Structure formats: C-alpha cells, structure tokens
A.B. asks: 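Structure in structure tokens, see below.
One is the number of the first residue; the rest follow in order along the sequence. Given the structure is predicted, the values throughout are model-derived calculations rather than measurements.
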Amino acid sequence: MSGSSGGGGGGIVENDQIACNLLRFETRITSPNAAIIGLLSVGAQLHIQIAAGSIAQEIQVVTHSGQIVGGLLHIRAQRLRECLLAGTNYKATVRALNNGQIEVFVEPA
C-alpha cells in the first residue's frame with residue numbers, strides 16, 4: 001500500500017474497520033467447560049461459532065467433535081460476531097493452559 005503519510009492514530013484501527021480476513025487477537029476462553037479442559041493441549045485447534053439459537057448471538061469455542069469448550073469475550077468480539085455472520089470461519093489455537101484458564105489465539109481458519 002502507498003499513500004497516507006499523515007500523522008496521528010499510531011496504527012490503531014477501529015474494530016469495525018478491521019477486514020474479516022485480518023482479524024486476529026489473543027484472549028482467554030470464558031466459562032471454560034471443566035470436563036473438556038483435561039482433553040486439551042497446547043497447540044490444539046478449536047472452532048469458533050455463534051451459539052445455535054442464541055438471541056444474543058453468543059460466540060462459542062468448540063472442539064472438532066462439537067463439544068463446547070467455552071465462550072469468547074474480547075474488545076473485538078462484536079467485529080468477530082459480524083464476520084462470523086458474514087461467513088468468515090475462525091479457529092482458536094490453544095496457547096496456554098493454566099489452572100483452568102485457557103489462552104487462545106483467534107484467527108481466520
């Protein structure tokens with residue numbers, strides 16, 4: 001890209017301006033399913049989806065077999081929801097497992 005040499009901003013982009021194919025962030029899984037945590041390992045690939053029948057369109061992290069691992073909350077969650085609804089698929093890669101906390105890196109699948 002060429003062009004803008006203007007000042008300000010410092011590279012900060014509003015959530016709604018991030019292209020779906022560029023949306024990436026690190027976060028923790030919320031309300032993790034204790035029965036699933038023991039089955040996970042660092043490097044495991046998980047799917048991200050909108051909860052079926054959820055009026056609030058909650059974001060879920062699930063295993064390949066469809067078991068719910070937990071939810072996702074992040075400052076970019078609204079943009080992620082929009083991209084999921086628009087048809088972009090995302091995955092969450094387990095980065096760390098610590099005392100029931102699951103840290104993941106979210107990116108397009």
A.B. asks: Is there a continuous path of hydrophobic side-chain contacts, each under 4.5 Å between heavy atoms, that joins Leu73 to Leu85?
C.D. replies: no
A.B. asks: Does Arg95 reach the main-chain N or O of Glu26 with its side chain, forming a donor-acceptor pair under 3.5 Å?
C.D. replies: no
A.B. asks: Kindly give the heavy-atom pair with the smallest separation between Asn21 and Pro108, and that separation in Å.
C.D. replies: O-CG, 3.5 Å
A.B. asks: What's the spacing between Gln67 CD and Ile36 CD1 if we round to 0.5 Å?
C.D. replies: 3.5 Å
A.B. asks: Apply side chain to side chain donor-acceptor pair (under 3.5 Å) to Gln101 and list each qualifying residue two or more places apart in sequence or on a separate chain.
C.D. replies: Arg28
A.B. asks: Parallel under 30°, tilted from 30 to 60°, perpendicular over 60°: which one fits the rings of His47 and His64?
C.D. replies: perpendicular
A.B. asks: Less than 4.5 Å apart, side chain to side chain, heavy atoms only: is that true for Leu40 and Ile102?
C.D. replies: yes
A.B. asks: Show me the pairs that pass salt bridge (charged side-chain N to carboxylate O under 4.0 Å, His left out) and involve residues 29-48, at least two apart or across chains.
C.D. replies: none
A.B. asks: Looking at Arg79 and Leu23, would you say the former's side chain and the latter's main chain have a donor-acceptor pair under 3.5 Å?
C.D. replies: no
A.B. asks: Taking side chain as C-beta onward, heavy atoms only, is Thr27 less than 4.5 Å from Arg76?
C.D. replies: no
A.B. asks: Minimum heavy-atom separation for Pro32 to Gly100, with atom names?
C.D. replies: CG-O, 3.3 Å
A.B. asks: Determine whether His74 and Leu80 satisfy the following criterion, side chain to side chain contact (heavy atoms under 4.5 Å, CB included), listing intermediate values before the conclusion.
C.D. replies: CA-CA 9 Å; His74 190 270; Leu80 176 62; over 6 Å; no
A.B. asks: Nearest heavy-atom pair of Ile68 and Gln60: which atoms, and what distance?
C.D. replies: CD1-NE2, 3.3 Å
A.B. asks: In sequence, state the C-alpha distance, the side-chain angles, and the governing distance for Val69 and Thr63, and then conclude on side chain to side chain contact (heavy atoms under 4.5 Å, CB included).
C.D. replies: CA-CA 7 Å; Val69 179; Thr63 64; 3.7 Å; yes
A.B. asks: Provide the closest heavy-atom pair for Ala92 versus Val104 in the form atom of the first, atom of the second, distance.
C.D. replies: CB-CB, 3.9 Å
A.B. asks: Say you draw a straight line from CZ of Arg81 to CD1 of Ile50; how long is it, rounded to the nearest 0.5 Å?
C.D. replies: 6.0 Å
A.B. asks: Applying the 4.5 Å side-chain criterion to the ILVMFWY set and letting contacts propagate, would Leu72 and Val62 be lumped into a single cluster?
C.D. replies: no
A.B. asks: Which residue pairs satisfy the disulfide bond (SG atoms under 2.5 Å apart) criterion with at least one member in residues 40-109, sequence neighbours excluded?
C.D. replies: Cys20-Cys83
A.B. asks: I need the Tyr90 OH to Arg24 CZ distance, nearest 0.5 Å.
C.D. replies: 8.5 Å
A.B. asks: Would Leu39 and Val61 show up in the same hydrophobic cluster when neighbours are defined by side-chain heavy atoms closer than 4.5 Å?
C.D. replies: yes
A.B. asks: For a quick test of reading the model, state the closest non-hydrogen atom pair linking Ile29 to Leu46 and the distance between them.
C.D. replies: CD1-CD1, 4.2 Å
